[in-house]
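We name chains A, B, ... by the order of the sequence lines, and we start the count at 1 in each one. Values in this document were obtained by computation on a predicted structure and should not be read as measured data.
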There are 2 protein chains.
Amino acid sequence: MIRVVLAEDQSMVRGALASLLGLEPDIEVVGEAANGDEVIAVAEATRPDIALLDIEMPGRDGIAAAEELRRRVPGCRVVILTTFGRPGYLRRAMEAGAVAFLVKDSPASELAAAIRRVLRGERVIDPGLAAAALSAGPNPLSPRERDVLSAAVDGSTINDIALRLHLSEGTVRNYLSAAIHKTGARNRIEAVQKAQAQGWL
Amino acid sequence: MIRVVLAEDQSMVRGALASLLGLEPDIEVVGEAANGDEVIAVAEATRPDIALLDIEMPGRDGIAAAEELRRRVPGCRVVILTTFGRPGYLRRAMEAGAVAFLVKDSPASELAAAIRRVLRGERVIDPGLAAAALSAGPNPLSPRERDVLSAAVDGSTINDIALRLHLSEGTVRNYLSAAIHKTGARNRIEAVQKAQAQGWL
DNA sequence: ACGCGCGGATGACAAATGTCATCGCGAACG
DNA sequence: CGTTCGCGATGACATTTGTCATCCGCGCGT
């Protein structure tokens with residue numbers, strides 16, 4: 001039996017995925033978690049073959065959890081299952097030690113298939129997405145530019161951001177200007193959108 | 001047997017939900033669709049007892065589909081299943097004739113339970129969400145203010161919006177200013193966020 | 001008949017935002 | 001050892017955005 005733990009924050013989706021995997025005769029869901037911190041505890045307790053992780057989760061996200069799992073539960077292979085096939089996500093997932101990267105809008109049958117292929121030692125990555133990740137190149141934003149742009153997603157003013165990050169207003173404007181330039185955007189909002197679409201935040 | 005059709009754009013989630021419902025001895029998934037247009041065709045062909053609809057779908061969304069289904073397949077009860085429990089969504093779903101409104105982060109067991117309750121003639125709505133929808137009041141934005149604010153979500157400049165909607169720049173600014181005021185926001189971006197959080201767009 | 005709200009517009013003004021040049025500091029790298 | 005790069009800052013400047021008062025016309029309700 002292939003032993004799987006599941007991390008996904010939406011209970012109903014998590015339950016549905018568990019049921020989907022439960023249909024497979026050679027797969028067994030031995031644990032579930034609603035976020036990245038939980039899944040580490042669950043995996044340490046159950047020592048599964050596979051950890052199936054969503055990326056967007058409250059608290060520690062799936063990528064951070066993958067990194068931690070590699071250290072704490074070395075025998076456990078990480079499969080990322082995410083809504084958004086963003087190039088930057090794929091890149092970071094691979095760097096965090098994931099061996100497969102699936103998007104939720106591929107057919108349901110691919111989930112079990114991917115898990116079996118991973119168990120045979122293969123890596124499973126959508127070829128189109130792999131190409132996009134490679135052609136897009138690495139994240140051009142410096143860490144601080146990322147911070148500032150991330151702080152701008154919720155519509156904060158320059159002043160808000162400056163206070164939150166303990167920077168001067170001018171500095172915030174400079175970083176934002178750089179981020180706007182590097183993303184090829186025309187203003188802050190476009191920069192945020194483009195960076196998010198690439199998985200750079 | 002309770003006959004159900006399922007509309008959800010993410011294949012894997014759709015398949016997983018189908019599997020979840022398939023576990024129930026008295027429920028049968030007789031059709032699946034990836035968007036609001038498909039589900040109407042499927043429901044007309046299969047005449048199900050229940051249509052389980054996601055809201056966020058490409059093309060015709062779940063709420064618009066619900067409205068159309070009420071006319072075209074009157075015997076079919078509509079259950080909305082959505083990621084976001086936004087007050088405005090609930091309100092619009094009810095106006096569109098839905099009899100149940102579930103969010104994806106409630107427990108998986110609630111799905112079948114809700115379907116059975118609907119079949120007994122009950123309405124199923126999260127009490128907290130119902131309270132939020134009532135206390136939030138109706139959408140304060142005029143149709144045109146909605147249009148303009150919607151056109152601003154992607155970071156377009158005033159100029160872009162004016163061209164796209166065939167308005168003068170000043171008019172666009174006026175509508176945005178009104179929307180900012182009505183949402184209690186401090187700028188365009190916050191206004192978009194607040195309006196989306198309420199389900200007003 | 002009257003008021004009111006909505007759509008649409010203009011002009012003026014203040015505030016926020018984006019751009020650019022320039023500076024200092026420290027760490028990394030050849 | 002010099003160069004480069006990231007971080008942080010300042011000041012000046014042009015542009016964009018947000019606000020407000022005011023106007024017109026239309027339709028709707030009383």
Side-chain angles (χ1 to χ4, degrees), chain A residues 88 91-92 95 136-201, chain B residues 88 91-92 95 136-201:
Chain A
R91 182 181 295 264
R92 281 191 277 154
E95 285 166 2
N139 190 336
L141 302 175
S142 79
R144 215 57 180 136
E145 284 162 0
R146 258 200 314 273
D147 291 343
V148 174
L149 198 54
S150 300
V153 295
D154 60 351
S156 297
T157 65
I158 300 269
N159 205 309
D160 293 338
I161 302 172
L163 292 175
R164 198 161 353 137
L165 301 187
H166 309 289
L167 291 173
S168 91
E169 297 194 24
T171 303
V172 171
R173 290 217 296 251
N174 288 340
Y175 281 131
L176 281 178
S177 184
I180 289 166
H181 185 242
K182 287 183 178 178
T183 51
R186 289 172 306 167
N187 56 51
R188 213 190 305 200
I189 319 172
E190 271 194 7
V192 166
Q193 310 243 329
K194 293 200 179 197
Q196 282 180 333
Q198 295 293 325
W200 287 340
L201 297 189
Chain B
R91 182 181 295 263
R92 282 191 277 155
E95 284 165 3
N139 189 336
L141 301 174
S142 79
R144 215 55 180 139
E145 286 162 358
R146 257 199 315 270
D147 292 343
V148 173
L149 198 54
S150 300
V153 294
D154 60 350
S156 297
T157 63
I158 299 267
N159 206 310
D160 292 339
I161 301 171
L163 292 174
R164 199 162 352 136
L165 300 186
H166 308 291
L167 291 174
S168 91
E169 298 193 21
T171 303
V172 171
R173 289 218 295 256
N174 287 340
Y175 281 132
L176 281 179
S177 184
I180 289 166
H181 186 241
K182 287 182 178 177
T183 51
R186 287 172 306 167
N187 57 49
R188 211 188 310 192
I189 319 172
E190 270 194 7
V192 166
Q193 310 243 331
K194 293 201 178 194
Q196 282 180 334
Q198 294 293 324
W200 288 339
L201 296 188

Item to check | Q193(A) (side chain) donor-acceptor with V153(B) (main chain) under 3.5 angstrom | outcome: yes
Checklist entry - Taking R92(B) for the side chain and G199(B) for the main chain, is one N or O donor matched with an acceptor at less than 3.5 Å? => result yes
Next on the checklist: Can you tell me which nucleotide in dG8(D), dT17(C), dG8(C) comes closest to the side chain of T171(A)?
Outcome noted: dG8(D)
Checklist entry - Of all the choices, dC6(C), dG6(D), dT19(C), which nucleotide is nearest to the side chain of N174(A) once you look at every atom? => result dT19(C)
Checklist entry - On a plain distance test, is the side chain of N159(B) in donor-acceptor contact with the base of dT17(D) below 3.5 Å? => result no
Checklist entry - What nucleotide among dG6(D), dT19(D), dT17(D) has an atom nearest to a side-chain atom of S142(A)? => result dG6(D)
Checklist entry - Can you check the I161(B) CD1 to dG8(C) C1' distance for me, whole Å? => result 16 Å
Item to check | Atom pair distance, as rounded to whole Å: CZ in R164(A) and P in dG8(D) | outcome: 16 Å
Checklist entry - Between L141(A) (CG) and dC5(D) (P), how many Å, whole number? => result 17 Å
Next on the checklist: Expressed as a whole number of angstroms, how long is the span from R188(A):CZ to dT15(D):P?
Outcome noted: 19 Å
Next on the checklist: From CZ of R186(A) over to C1' of dT17(C), roughly how many Å is that when rounded to an integer?
Outcome noted: 15 Å
Next on the checklist: Using heavy-atom distances to pick each residue's nearest nucleotide on DNA chain C, tell me which of R173(B) and H166(B) is more 5'.
Outcome noted: H166(B)
Item to check | Out of dG8(C), dG18(D), dC7(D), whichever nucleotide has its closest atom nearest the side chain of L167(B) | outcome: dG8(C)
Next on the checklist: By nearest heavy atom, map S168(A) and N187(B) onto DNA chain D; which one lands nearer the 5' end?
Outcome noted: S168(A)
Next on the checklist: Can you tell me how far apart CG (L141(A)) and NZ (K182(A)) are? Round to the nearest 0.5 Å.
Outcome noted: 6.0 Å
Checklist entry - Does R144(A) get its side chain close enough to the base of dG6(D), under 3.5 Å, for a donor-acceptor pair? => result no
Checklist entry - Please, which pairs that meet salt bridge (Lys or Arg N to Asp or Glu O under 4.0 Å) have at least one residue in residues 191-201 of chain B, sequence neighbours excluded? => result none
Checklist outcome for this item: Rounded to whole Å, the CZ-P distance (R146(B) to dC6(C)) equals 11 Å
Checklist entry - Atom CD1 of I180(B) and atom C1' of dA16(C): how far apart are they, to the nearest Å? => result 12 Å
Checklist entry - Between L176(A) (CG) and dT17(C) (C1'), how many Å, whole number? => result 9 Å
Checklist entry - Please, which pairs that meet salt bridge (Lys or Arg N to Asp or Glu O under 4.0 Å) have at least one residue in residues 157-180 of chain A, sequence neighbours excluded? => result D160(A)-R186(B)
Checklist entry - Does S177(A) have a side-chain nitrogen or oxygen under 4.0 Å from the phosphate oxygens OP1 or OP2 of dT19(C)? => result yes
